[in-house]
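Proteins come first, then strands; the chains are lettered A, B, ... in the order of their sequence lines, and each starts at number 1. The model shown is predicted, which means the values in this text are computed figures rather than measured ones.
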Number of protein chains: 2
Amino acid sequence: MKPAEKSLPQAKTVDLGVAAWSAFLRTHATVVRRLERAVEAQTGLPLSWYDVLLELNAADERRLRMQPLAERVVLSRTRVSRLVDEMVGAGMVDKLPDPADRRATFAAITDRGRKALRTAAPVYLAGIEEHFSSHLRRKQLETIRDGLEQVLAAHHAAE
Amino acid sequence: MKPAEKSLPQAKTVDLGVAAWSAFLRTHATVVRRLERAVEAQTGLPLSWYDVLLELNAADERRLRMQPLAERVVLSRTRVSRLVDEMVGAGMVDKLPDPADRRATFAAITDRGRKALRTAAPVYLAGIEEHFSSHLRRKQLETIRDGLEQVLAAHHAAE
DNA sequence: GCAATACATGTGCGTCCGCACGCATCTTAC
DNA sequence: GTAAGATGCGTGCGGACGCACATGTATTGC
């Protein structure tokens, strides 16, 4: 075996990381699918719509420009552009011009959108609970939350 | 405030679960994208191809039928069917009939596939390390691995 | 003031993915 | 033995997604 090099992780550590990552990927595939189906079946709202409504509702003045909205829902700006158009068609979102910058467009949640969000929220929360959180102990949830936030922070720092 | 109902999670617990789930989703989106790009740029191998090669190589006799392969790489059987066809075109996988069941098809890794896998493996492992594990402490990795495996086990049990 | 640049957004297009369906084969009940 | 159902797989099709590019607007350097 090759002599250890500076700051090179040991084999056991690599395995642990891979095992955690593997579990992470499989969990994502499994839980996202089930959650998506459950929420959509019970509320008629796709998960992506729910996310958009959630972010808009939580935003200042209940509206956001496209790019910031895309970042918050973790989708491409392109995708969000189309998503918002569909939701305008469904009357859940309005597109408003920004008087301060005529390039920009605000997406604003409508009353109908807020109503849909209020209906869907408990279903969504229950879904997260049922398909994810309920299988974990409080301590584990804390570690997962904090650990993954660390990972995200590192990525954002590195840009 | 409403009196607590039987086995209903408290608000704080719900929030914790949602926070963990939120971090989970954002981490997945961020890390998968970066990892995928890094591995593909350095090895020319899409992540899905790598996964297929990995599972085939680890399988008994280095081959698997389509359905079991799909389950292991966490994709639909449909998708795997097309994936394997592409990889046959690239000479990394062979499709072989199963003499015991003429409906079935084996996907078997070829020498070229094994070579590609050997080349890509260190890049992939380093990518996981760089984009994921290195930002977490050993203890956190263990908790994440074990916790998510619990979630998966519960889902498989519920089926 | 104006050209050069940066920025916010929308659109054409290709990729990845899974569902619905169909075909061939195997298994089971009789 | 055979009809009915189950199983393994491939394909047509449409949805979700993001990249490259185009358009219109703001900002900056001079």
Side-chain angles (χ1 to χ4, degrees), chain A residues 25-26 28-37 39-41 44-52 56 59 63-90 93-108, chain B residues 25-26 28-37 39-41 44-52 56 59 63-90 93-108:
Chain A
L25 287 181
R26 283 176 289 126
H28 182 270
T30 304
V31 177
V32 165
R33 185 183 315 261
R34 297 201 183 191
L35 182 59
E36 165 98 62
R37 295 203 173 175
V39 173
E40 186 153 0
L45 219 57
L47 220 51
S48 52
W49 285 38
Y50 177 84
D51 285 341
V52 169
L56 290 181
R63 60 182 195 176
L64 282 172
R65 280 155 67 148
M66 297 306 223
Q67 176 63 45
L69 175 58
E71 282 164 17
R72 299 199 197 192
V73 299
V74 200
L75 283 177
S76 70
R77 194 189 41 69
T78 298
R79 182 68 198 124
V80 169
S81 175
R82 294 190 160 102
L83 219 44
V84 166
D85 281 348
E86 294 168 30
M87 295 175 73
V88 168
V93 170
D94 279 340
K95 284 173 86 164
L96 306 172
D98 180 348
D101 185 339
R102 301 203 312 187
R103 293 169 304 180
T105 305
F106 281 118
Chain B
L25 287 181
R26 284 176 288 127
H28 182 269
T30 304
V31 177
V32 165
R33 185 183 317 258
R34 297 201 182 190
L35 183 58
E36 165 98 62
R37 294 202 175 175
V39 172
E40 186 153 2
L45 221 55
L47 220 50
S48 52
W49 286 37
Y50 178 85
D51 285 340
V52 168
L56 290 181
R63 60 181 196 177
L64 282 172
R65 281 155 67 148
M66 297 307 222
Q67 177 63 45
L69 175 57
E71 281 164 18
R72 300 197 196 193
V73 299
V74 200
L75 283 177
S76 70
R77 192 188 43 70
T78 298
R79 185 63 199 129
V80 168
S81 175
R82 293 189 162 102
L83 221 44
V84 166
D85 280 347
E86 294 169 28
M87 296 175 73
V88 168
V93 170
D94 280 340
K95 285 173 86 165
L96 306 172
D98 180 349
D101 185 340
R102 301 200 312 184
R103 294 169 304 178
T105 305
F106 280 117

> Can you name the residues that form a salt bridge (Lys or Arg N to Asp or Glu O under 4.0 Å) with A/D94, not counting sequence neighbours?
Replying inline: none
>> At a heavy-atom distance below 4.0 Å, which nucleotide of DNA chain C is the first touched by chain B, and which is the last?
In response: C/dC16 to C/dC26
>> On DNA chain D, does the nearest nucleotide to A/L75 precede the nearest nucleotide to A/P99 from the 5' side, or the other way round? Give the residue.
In response: A/L75
>> One character per nucleotide, please: for nucleotides 6-12 of chain D, 5' to 3', B when the base has a protein heavy atom closer than 4.0 Å, S when only the sugar-phosphate does, - otherwise.
In response: BBSBBBB
>> Can you give me the closest heavy-atom contact between B/L64 and B/A59, atom names plus distance?
In response: CG-CB, 3.5 Å
>> Taking any heavy-atom pair under 4.0 Å as a contact, classify B/R79: base, sugar-phosphate, or nothing.
In response: base
> In chain order, what residues pass the side-chain contact (heavy atoms from CB on, under 4.5 Å) check against A/P46, with sequence neighbours excluded?
Replying inline: A/E36, A/E40, A/S48, A/W49
Show every donor-acceptor pair shorter than 3.5 Å between a side-chain atom in residues 71-90 of chain A and any protein atom, with sequence neighbours excluded, or say none if there are none.
{"residue": "A/E71", "atom": "OE2", "partner": "A/Q67", "partner atom": "NE2", "Å": "3.0"}
{"residue": "A/S76", "atom": "OG", "partner": "A/R79", "partner atom": "N", "Å": "2.9"}
{"residue": "A/D85", "atom": "OD1", "partner": "A/K95", "partner atom": "NZ", "Å": "2.8"}

>> Under the rule for ring pair (Phe, Tyr, Trp, His ring centres under 6.0 Å), what residues qualify as partners of B/F106, not counting sequence neighbours?
In response: none
>> Can you list everything that forms a side-chain hydrogen bond (donor to acceptor under 3.5 Å, both in side chains) with B/R63? Sequence neighbours excluded, please.
In response: none
> How far apart are the closest heavy atoms of A/A107 and A/V93, and which atoms are they?
Replying inline: CB-CG1, 4.0 Å
> Looking at residues at least two apart in the chain, or sitting in another chain, which of them share a salt bridge (Lys or Arg N to Asp or Glu O under 4.0 Å) with B/R103?
Replying inline: B/D101
